Visitor: 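Structure in structure tokens, see below.
The shown structure was predicted, so the numbers you read here are calculated from the model rather than taken from an experiment.
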Amino acid sequence: MPTSRPIGLAFLRKNHRASAQQPAPTSFSVSLGQHLAFTLASAAVLMALYSLLRLALLIYNSEQIGTASATTIAEAFFNGLRFDLRLVVYVCAPLLLAVASRRAMRARALLRTWLTLFASLTLFLGVLELDFYREFHQRLNGLVFQYVKEDPQTVLSMLWYGFPVLRYLAAWLLATVLLGWAFGRLDRITRSPAVAGQEVTGSRWPVRAVALSLCLALAVLSARGTLRQGPPLRWGDAFTTDSMFANRLGLNGSLTLMDAARSQFSDQRDNIWKATLASGEARQTVRQMLLTNSDRLVDEGSAAVRRDYSPPQESTLPIRNVVVILMESFAGHYVGALGAPGGITPYFDRLAQEGLLFTRFFSNGTHTHQGMFATMACFPNLPGFEYLMQMPEGGHRFSGLPQLLGARGYDSLYVYNGDFAWDNQSGFFGSQGMRNFIGRHDFVNPVFSDPTWGVSDQDMFDRAAEELERRSADGKPFYALLQTLSNHTPYALPEQLPVAPVTGFGEQDQHLTAMRYADWALGRFFDKARQSPYFKNTLFVVVGDHGFGSKEQLTEMDLLRFNVPLLLIAPGLQEKFGAHRDIVGTQVDIVPTVMGRLGGEVRHQCWGRDLLAQPADSPGFGVIKPSGGDQTVALISGDRVLVQPRDRPAKLYHYRLGSDPASTPLAGAPDAALLKRELNAFLQTATSSLLENTAGVADGKSQPAR
């Protein structure tokens, strides 16, 4: 017993000394080879992740595959690997730079955190893109920033009520945990316990310097994505097939969003259309495109196409009032009067029998605000100015209905389901001359009110009918803009629908049900309007603000997203002009067409033409551009469309609308160069006029202050 204590103390001291010679349990060493193995394995995990996201996008939007073959889809995935590799290089850049320092290579916890967070972020964007592509037929772009900047509360409400947010978030969080586990597992596999006195192989500076140089050279080559001289991999490099869906599938949504962010938050407006023609040549070309024998140029030196228009007396109508009805997402591809099956729009089809229907009419953009300023302000959707109503240039005064009819003493009215703060509608139209606004907060006891957008189309049209009836009793001529909203995610529809739900159209069933409901509300409004005295001396203009996605994608421009119906209803209209017109037109043609029916000389600078004052053999034309950062533009003329992507050659197509839409490339067309010059001249001249504030009835500097 007396010796037990000294023996025990000696044993403890011996074990303490032994443990002091061993590294801490968390201590480890990383050789250069192990670090490169960790980097390569992590890159492989990321490449697999992005390929799986591309596969998910393909499956979720499988209805877009159309006639694309398995070989075409495989080509899209191969193209996608190049774009994915570019993103992976960005993610792995910190790991590659860590080669320069032993301490940095051992900072595995920090490197794992970086990899997990970045992978989780891009995974989140991939999940978001599933429905984004279904809605817009585009990879992530500037629309994301525009929606967030517009009104985050409304956007969040739209997402919450329109999509399975909780399910998506749960899947994203679970996948993030799995990614963290995978990177942790790779970490443990590619490191060794530290042993005292052992030198880490390949860790000397000269070796690491050579390895770093080689890694950076390989990374630069991978990030470029191409061996050619000149610019690195561009979005156009994904467009290698005849399938628009496959081409876009080859892109990487995170990269397209990064490009959009660079453009969105840059001080330099890189997206503004660059001049390619001499200004005089461009201006003269546009004048030849727009002016007719009934136009007389004024202010030729300062204004591009400001003119006095004197409609022929025989082309006017006995009308006093104007009512423009802008129908949300009213895609021509699903309108029965334009050849669509399914009975989606029976009320519009019935109205078309008593009016004049344009069969080749297109929206200027693919977003509502573009449809609004093109239709009412008569100005086109231009690259760099897709959100004109929210930009300083949107404060200019254009040659729209508020300006032209306000000068004639017309009363004005704007009735809308939602909030006029959205898209700066009250600010923009108020500055243009619109005076009376009725929005979501002005409805009492509506039949249905959506927490995101506002009241239903039924409520909007009922209130509009009351307001127009009251204004007609005042004896003053009026013009009105009635804008629907129910046919928009998350679809403001009453619980008890007055129409049968649409079935048989797959992923479009819900959207088409909303379209059928909007059509019913439109027909109900006209039933009421016919009972009012003002109906017999009013011109009604029914037009879609834009279309929406369908299985068919005509050309890179996805032409069916732009195709919308234009229907004019007025006394004596069919007798003078017939029931159908095939001339091509866009929303900027609406104002001059309206003013032509009212008669009397009018000074304007509309970027469209009176569609009913053109020669019988005129094919018409229209310049269109999608929303967001996509800088593709197109000129439609007759049954052909010239598509001009950014940084890629223009391509001419023959297209067909109706029940069997299709497009066919046209090679060697003799007038392709002329069409391209007209497209460039139109965009260049309109952009210059906007920047110089000379796009209205008078120059900005001479306009009276308001």
Side-chain angles (χ1 to χ4, degrees), residues 230-231 234 236 263 268-292 295 297-307 362 364-365 374 378-386 388 393 396 398-399 555-557 584-586 588-589 604-609 618-626 629-638 640-653 666-696 699-700:
R234 299 172 296 183
S263 173
Q268 298 189 1
R269 308 173 91 167
D270 294 332
N271 289 335
I272 293 178
W273 192 258
K274 302 299 187 296
T276 58
L277 303 171
S279 59
E281 178 187 358
R283 184 173 292 191
Q284 185 59 33
T285 300
V286 170
R287 288 171 177 172
Q288 293 172 354
M289 295 168 69
L290 290 176
L291 271 59
T292 67
D295 292 304
L297 274 174
V298 295
D299 302 329
E300 292 186 49
S302 62
V305 289
R306 188 176 298 143
R307 68 259 198 203
F362 301 89
N364 287 96
C378 202
F379 195 78
N381 177 31
L382 300 175
F385 297 97
E386 296 88 347
L388 181 63
E393 291 79 8
H396 300 173
F398 301 96
S399 296
T555 79
E556 297 94 326
M557 186 54 72
V584 168
T586 67
V588 293
D589 296 311
H604 69 84
Q605 195 170 183
C606 284
W607 294 82
R609 308 184 299 173
S618 172
F621 80 91
V623 174
I624 62 175
K625 182 202 171 299
D630 188 347
Q631 295 307 298
T632 303
V633 291
L635 173 69
I636 308 171
S637 178
R640 299 182 302 165
V641 54
L642 181 81
V643 181
Q644 175 65 77
R646 187 174 186 175
D647 300 327
R648 291 179 61 222
K651 200 169 183 180
L652 185 64
Y653 296 87
L666 296 175
D671 60 343
L674 172 62
L675 294 174
K676 184 175 180 179
R677 181 162 64 89
E678 290 179 338
L679 174 61
N680 280 283
F682 186 93
L683 294 171
Q684 176 179 326
T685 307
T687 300
S688 297
S689 297
L690 180 63
L691 292 173
E692 297 165 4
N693 197 5
T694 60
D699 292 352

Visitor: Kindly indicate, with the supporting measurements, whether the criterion salt bridge (charged side-chain N to carboxylate O under 4.0 Å, His left out) is fulfilled by D671 and R640.
Guide: CA-CA 11 Å; D671 60 343; R640 299 182 302 165; 2.4 Å; yes
Visitor: Would you call V641 and F362 a side-chain contact if the rule is heavy atoms closer than 4.5 Å?
Guide: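 No - every pair of side-chain heavy atoms lies 4.5 Å or more apart.
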Visitor: Let me confirm one number: the CH2-OG distance from W273 to S688, rounded to the nearest 0.5 Å.
Guide: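 One gets 13.0 Å once the value is rounded to the nearest 0.5 Å.
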Visitor: What's the separation between atom CG in L679 and atom CZ in F621, rounded to the nearest 0.5 Å?
Guide: 10.5 Å
Visitor: Applying side chain to side chain donor-acceptor pair (under 3.5 Å), can you list everything that pairs with T586, at least two apart in sequence or on another chain?
Guide: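 Side chain to side chain donor-acceptor pair (under 3.5 Å) check on T586 returns N364.
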Visitor: Using 30° and 60° as the class boundaries, would you call the ring planes of W607 and F379 parallel, tilted or perpendicular?
Guide: perpendicular
Visitor: Would R609 and D589 satisfy salt bridge (charged side-chain N to carboxylate O under 4.0 Å, His left out), going step by step from the backbone distance to the final call?
Guide: CA-CA 5 Å; R609 308 184 299 173; D589 296 311; 5.3 Å; no
Visitor: L652 and A672: which non-hydrogen atoms are nearest, and at how many Å?
Guide: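 Closest pair (atom of L652, atom of A672, distance): CD2-CB, 4.4 Å.
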Visitor: Set out, in order, the CA-CA distance, both residues' side-chain angles and the distance that settles side chain to side chain contact (heavy atoms under 4.5 Å, CB included) for I624 and V633, then state yes or no.
Guide: CA-CA 6 Å; I624 62 175; V633 291; over 6 Å; no
Visitor: Of all heavy-atom pairs between C606 and V305, which one has the smallest distance, and what is that distance?
Guide: O-CG2, 4.2 Å
Visitor: Would you name the heavy atoms of K676 and A650 that are closest together and state the gap between them?
Guide: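 The pair with the smallest heavy-atom distance is CD-CB, 4.3 Å.
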Visitor: Would you name the heavy atoms of E556 and Y653 that are closest together and state the gap between them?
Guide: OE1-OH, 2.7 Å
Visitor: Counting distance only, does the side-chain N/O of T632 pair as donor-acceptor with the main-chain N or O of P645 below 3.5 Å?
Guide: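 No.
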Visitor: Is there a donor-acceptor pair closer than 3.5 Å between any side-chain N or O of Q684 and the backbone N or O of L277?
Guide: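 Yes, the answer is positive, given that a donor and an acceptor are paired below the 3.5 Å cut-off.
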Visitor: Would you check if there is a donor-acceptor pair between the side chains of T292 and D295 at a distance under 3.5 Å?
Guide: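 Yes, because at least one side-chain N or O of D295 sits under 3.5 Å from a partner of the opposite role on T292.
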Visitor: Quick one: does any side-chain atom of R306 pair with a main-chain N or O of G696 as donor and acceptor, under 3.5 Å?
Guide: yes
Visitor: Just by distance, with hydrogens left out, do R677 and T285 show a side-chain donor and acceptor under 3.5 Å apart?
Guide: yes
Visitor: Would you find a donor on one side and an acceptor on the other, under 3.5 Å apart, between the side chain of E692 and the backbone of L690?
Guide: no
Visitor: Between K625 (side chain) and V623 (backbone), is there a donor-acceptor pair under 3.5 Å?
Guide: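 Not confirmed, K625 side chain does not pair with V623 backbone.
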Visitor: Rounded to the nearest 0.5 Å, what's the gap from CD on E300 to CZ on R307? Could you check?
Guide: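 These two atoms lie 13.0 Å from each other.
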Visitor: Is there side-chain contact between V584 and P619, with heavy atoms separated by less than 4.5 Å?
Guide: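 With C-beta onward as the side chain, the pair stays apart.
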Visitor: Looking only at heavy atoms, what is the nearest atom pair of S399 and A695, with distance?
Guide: OG-O, 4.2 Å
Visitor: To the nearest 0.5 angstrom, please state how far the CD atom of Q644 sits from the CE atom of M557.
Guide: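 Between Q644 CD and M557 CE, I get 9.5 Å after rounding to 0.5 Å.
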Visitor: Go through the structure and list residues passing salt bridge (charged side-chain N to carboxylate O under 4.0 Å, His left out) with R283, not counting sequence neighbours.
Guide: none
Visitor: Tell me, do E678 and Q288 make a side-chain contact under 4.5 Å, heavy atoms counted?
Guide: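 When only atoms from C-beta onward are counted, Q288 and E678 do not touch, as no gap falls below 4.5 Å.
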Visitor: Quick check for you: to the nearest 0.5 Å, what is the distance between K274 atom NZ and L683 atom CG?
Guide: 12.0 Å
Visitor: For L675 versus S637, what's the shortest heavy-atom pair and its separation?
Guide: CD2-CB, 4.3 Å
Visitor: Could you tell me whether the side chain of Q605 and the main chain of T694 form a donor-acceptor pair under 3.5 Å?
Guide: yes
